[in-house]
Amino acid sequence: MSATSVSAHGHATHVGHHELGFWRTYVFSTDHKMIARQFLFLGLFMMIIGGLLALVVRWQLAWPETAVPGLGWLLTDTGGVLEPAEYNMAFTMHATIMIFFVVMPILAGAFGNFCIPLMIGARDMAFPFLNMLSFWAAAVAGVLMLFGFFVEGGHAAAGWTSYAPLSAVPEYTGTNWGQNLWCISLFVLGVSSMMGSINYVTTIINMRAPGMKLFRMPLVVWSLFITAILLLLALPVLTSGVAMLLFDRTLGTSWFKPSGGGEPLLWQHLFWYFGHPEVYILILPAMGIASEILPVFARKPIFGYHAMAFSMIGIAFLSWVVYGHHMFVSGMNPALGMSFMVTTMIIAVPSAIKTFNWLGTLWGGRIRFTVPMLNALAFVWMFVIGGLSGIFMASTPVDIYIQDTYFIVAHIHYVVFGGSIFGAFAAIYYWFPKMFGRLTNPLLGHLHFWGTFVFFNLTFFPMHIIGVGGQMRRIYNPLQYEFLQHQQHWNVIITIGAIGLGLSQIPFVINFFWSLFAGSRAPHNPWNANTLEWSAPSPPPHLNWGPTLPTVYRGPYEYSSPESKEDFLPQWQPSPGRVGAGRH
Amino acid sequence: MLSWWLPENVATFGGEIDWLFHLIYYITGITFILVTVTFLSFIVIYRDRPGRRARYTHGNTPLEIVWTVVPSLILVVLTFLSVPAWSKIKMSLPQTDFVVQVTGKQFNWQVTYPGPDGRFGTPDDKTLLDEMHVPVGKPIRVNLRSEDVIHSFFVPSFRFKQDAVPGREIPTWFEVTKPGKYEIPCAELCGFGHSGMRAWIYVHTAEEYAKWAAANLAAQAPVAQTAQAKPSAAKGESDRR
Ligand code: HEM
Ligand SMILES: [Cu+2]
Ligand SMILES: [Cu+2]
C-alpha cells in the first residue's frame, strides 16, 4: 500500500490551500466529483434527444406515414411525414445515442467517477488530468455526433450496428458525412473510454484506503472495476473497427467491401467482439448499484458477497466467448453457431446466481420503500424478464425465427432500459444527497418511479408479442406486410405507452433541478449507510476528506449486525467493543 | 398458449423450432412466476415494521449451490435439445434436384431458375422478380446471394431465416407442407427501401407446379415477370405504398 500513503500524503499537504477559480472548479476541473457531475449532465441532456427520437420512431410505427406532431417545421417538404431514409436515421441515432451517450456516460462516466475514489477512500483518481481529458473527449464526441444531424445527406442510417457494406459505401444509404461523423465520434469516444478505464483500474488497484482489502470493496466498486477492464479490452476493437470503416468510406480501402476483396462479415466479428462485452459494460454497473442499494434499504448484509463478485468476474470472462450469438444466421459457419450456443447458455448461470442472491438479500429484511430502493427493486424484476427472454435467443433454432424481430427489441430494452436505466435512476436518487448536498423530493420521486415503471412495461412487454408474431425490427411501415396487419393494434398500444413513458420523466426533471437549488440540506449520512463516501461531508470538499483518510475496519454490508446496537455499522468505525482503539 | 401469436407453420423443420420455443416458453414462464411470487411476497412480508430487526446473515452455501446447479442443468438440457434441430436446419442439405438461386439486391428478391438445361449461368435461366414458385412436399435448395449489401431472407411461416452476404453463396433449404401463398420480407436493414423489400412465395401442389413450370420455365416460355419487366421496382420510391 505504499502508493496509497505516498499519494495520501502528497495530497494531504494541499488540503485547505488555494481556492480554484471558476474555470478550474466548474469547467476544466480535475476533481473526480465535478467530472462525475459533468458526465451526468452530458448523459441526461443526451437522454432527452435520444428519447425524442424514440418517440418519432414509435409514432411512425403506430400511425405509419402520418405527420409526426411537432415535426412540421423540420420536415417542411412533407409537412412532418418521415421519409424511409429519415426513419432509418431516427432509429440509428436513437440507439447510438442511448448506448454511447446516455447509459455509458451516466453509469460508467458519472457513477464510476463519483463512487470509485469516495468508496475506496481515495482523494481523487490516480490521474486527475487524464480524467478531465476523458470527459472533454466524450463531450467532443457528443458534439461531433450531434453535428451529424445537420450535414448534407443526413445522419448515419445504417443501424447502430452499422453493418458493412451498407455502412461502408456512401451510395448504399445516401448518407455521406453523417456516417463519417458517426465513425469519428465513436473513435473519439473510444479514446475517452480508454483514458477513463485506465484511471479506474489504476485507482482501484493502488489507491485504496488503509484496511480496504479487495474483498472489503463495495460491490459497486467491484462492478465498476470489472466494467473498466472490459472497456479497456473491448473499446479498442471498436475503435479500430470504426477507423477501418472510415478508411473504406473515404480512402478507398476495402476491409469490408467485397468489390475490393474485403469481407463483410469481418465487420460483424469486430463489432460484436466489442458489442457483446459492451452489453455487459452497460449492465454490470447497474448490477453493482442494485447490490449496493438493496442491503441499505433492506437493512441486511448482501446475500453471498463472494458469489456476487465472482459471478461478475465470470460474466466478464465469458462475455468474450459468446459474441457469436449475434451472428447465428449471418452466414458464419453453422458449426461455430453450435459452440456459441453453449457459451451463451453458460453465461446465463452467473446472471441467475445474481438474481437469487438479490432475492436472498430481501429475505428477512426490513425493507424501506424509498425512491432509490423502488428503482433498485424494479431493476431486479425487469432484469429477470430480460434475462429469461435471452434464453430464447440462446437456443440457436429458436433464434433463427426471432432474430431481427421485435422480440429482440423487447429483450434489449428489458435489459438496457429496465436494467441499466432503472439502475441509473436508483443511483441518481441514492447519491444525489452526496453529489449535490441536497435531498430530493420523495413525492416527485415516487411519481416519477411509478409512471416510469407502469409505462415501461406497457411499452416494452407487448414487443415480445409482436416479435413472436413476426414483426421485423427496423421497418418503416408494418402495414406493408399482410402477415403483420392483424397485430397493428399492439403497435398503437406500445406507442401510447412510449408517450406515457416520456411524460413520466417530467417529474424527474422538475425534481432534479428544484432539489439542486432548493432541496433541504443533506446530512453526512442520510440513509444510515456503511460505505466510506457517507463519512465525508455532503457534498465532499476537494480531496474528499480532511487531513486523514478514513481507515476501513470491515466489509461494506454490516447491517443489523449483532455487534452493534444500531442497525448499521459503517466501514470506517472501529468495532464498538474497542471504541477509541482505531485511528479516529 | 402463445401458438396463436406465431404465424401458422408450414415447413417440415418449423415444428421443431416451435416445439423448442414452447419448451423455453414454459420453462421461463414457470421460472418467472416462481421468482415473481417470491419477490412480491418478500416485499410484503419483510416490509419495514416497527420492533423487528432484520435477519443478520451473509449467505447460505448449500442454498447457493442449489441455485447454481439447477439452472445449469436446465441450460445443459436445453442445449442438447437444440443441437439436433440446428444441425438439421443449418448444417445439412437434403438430397434434392430442385435448386433455385435467390439474390438480394436493393430492394428486390431475384429468383433464378436454371431453366430446361438444369444449370445456372446459361442463357435459358429464368429470373423472376419478388416472386418464387415451389412445389409442396419436396426439399427445396436455395442458394442465397447478394449483389450489394447484406439482406436477410425471412419466411415467417417457414420459420426460415438466413442472411444473404455479398461475395459469397450460402446454400440453404426448406420443405413446405402446405400449398399457399407466403410472404418473404427482408429481415436485415439494407437501406431506405428495406421496409417494402418483400416477395411472395407460391407453394403449389405437384401437378400445379408442373403446369406453372411448363408455362413459365420452358425454353420458349415468355417469362412474365422478369427483372427487366419491372425495372422501376428497383427504386425505393415505388416501395412506398
Ligand atoms: C446481462 C445483460 C444483457 C444485456 C445488456 C443484453 C443486451 C443485448 C443487446 C444490446 C443485444 C443486441 C441485439 C441486436 O442489436 O442485434 C442482445 C442480443 C442477444 N442477447 Fe442479450 N443482453 C443481456 C443478457 C443476455 C443473456 C443473459 C442472454 C442469454 C441467456 C442473452 C442472449 C442474447 C442473444 C442470444 C442475443 C442475440 C440475439 C439475436 O440477435 O438474435 N443476453 N442482447
Ligand atoms: Cu434487403
Ligand atoms: Cu432489408
Side-chain angles (χ1 to χ4, degrees), chain A residues 84-85 88 159 163 165-166 172-173 258 264-265 298-301 303-304 307 329-331 334 338 341-342 345 348-349 352-353 356 359 362-368 381 384 388 391-392 395-398 400-401 403-404 465 468-470 472 474-477 480-483 559-562, chain B residues 5-7 16-17 20-21 24 28 31-32 35 38-39 42-43 46-48 52-56 58-59 64 67-68 71-72 75 78-79 82-83 85-86 89-91 148-150 152 156 159 161-163 165-168 170 183 185 187-192 194-196 198 236 240-241:
Chain A
N88 290 354
Y163 277 8
L166 180 66
Y172 288 149
T173 51
L265 289 190
R299 311 310 289 167
K300 268 196 68 192
F303 202 90
V329 300
S330 68
M338 204 91 92
M341 164 164 67
V342 175
M345 292 281 188
V349 174
I353 295 174
F356 293 127
L359 289 182
L362 296 177
W363 168 66
R366 282 182 65 183
I367 303 170
R368 298 179 189 164
W381 200 15
V384 170
L388 290 175
I391 298 178
F392 287 81
S395 169
T396 44
V398 179
I400 295 174
Y401 178 67
Q403 159 91 273
D404 278 321
I465 301 173
V468 173
M472 294 78 66
R474 300 169 168 180
I475 53 169
Y476 164 75
N477 181 353
Q480 280 169 316
Y481 301 88
E482 272 176 27
F483 78 108
Y559 293 100
S560 304
S561 155
Chain B
W5 295 348
L6 284 158
E16 282 158 63
I17 291 182
L20 277 170
F21 182 95
I24 298 174
T28 53
T31 313
F32 175 66
V35 170
T38 317
F39 184 76
F42 282 4
I43 286 179
Y46 300 118
R47 67 186 185 280
D48 190 8
R52 196 174 50 80
R53 209 175 155 94
R55 184 178 286 133
Y56 178 75
H58 283 273
E64 291 187 49
W67 70 45
T68 308
S72 310
L75 291 165
L78 267 183
T79 308
S82 300
V83 166
W86 176 255
I89 300 167
K90 292 289 182 197
M91 298 178 69
D148 37 39
V149 300
I150 298 174
S152 187
R159 310 290 185 265
K161 189 180 286 129
Q162 177 60 54
D163 286 3
V165 183
R168 55 173 78 193
I170 301 172
E183 224 159 351
E188 187 69 78
L189 177 69
C190 54
F192 61 92
H194 162 59
S195 176
R198 60 184 196 136
R240 294 189 54 194
R241 301 190 324 149

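Letters A, B, ... are given to chains in the order of the sequence lines, protein chains preceding strands, and every chain is numbered from 1.
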Apply the test ring-ring contact (aromatic ring centres under 6.0 Å, His included) to residues B:Phe42 and A:Trp381: give CA-CA distance (whole Å), side-chain angles for both, the deciding distance (0.1 Å), then the verdict. CA-CA 13 Å; B:Phe42 282 4; A:Trp381 200 15; over 10 Å; no
A:Ala85 meets the side chain to side chain contact (heavy atoms under 4.5 Å, CB included) criterion, sequence neighbours left out, with B:Phe192
* To do: Answer yes or no: is there a donor N or O on one side and an acceptor on the other, between the side chain of B:Arg198 and the main chain of A:Gln480, under 3.5 Å?
  => yes
B:Arg52 meets the side chain to side chain contact (heavy atoms under 4.5 Å, CB included) criterion, sequence neighbours left out, with A:Arg366, B:Tyr46, B:Arg49
Are any side-chain N or O atoms of A:Arg299 and backbone N or O atoms of B:Asp48, one a donor and one an acceptor, separated by less than 3.5 Å?
no
If one checks every heavy atom of B:Gln162 against chain A at 4.5 Å, the contacting part turns out to be both
Between the main-chain N or O of A:Glu482 and the side-chain N or O of B:Glu183, is there a donor-acceptor pair closer than 3.5 Å? yes
Ranked by heavy-atom pairs below 4.5 Å to chain B, first place among A:Ile353, A:Thr396, A:Val398 goes to A:Thr396
Per-residue tally against chain A (heavy atom, under 4.5 Å) across B:Gly167, B:Pro156, B:Ala85 peaks at B:Pro156
message: Treating B:Trp86 as the side-chain partner and A:Pro334 as the backbone partner, does any N or O pair qualify as donor plus acceptor under 3.5 Å?
response: yes
Original post:
Can you list the steps and then say if B:Phe21 with A:Tyr401 is a ring-ring contact (aromatic ring centres under 6.0 Å, His included)?
Top reply: CA-CA 10 Å; B:Phe21 182 95; A:Tyr401 178 67; 7.3 Å; no
Whatever's closer than 4.5 Å to a heavy atom in chain B on A:Pro301 counts as both
If one checks every heavy atom of B:Val83 against chain A at 4.5 Å, the contacting part turns out to be both
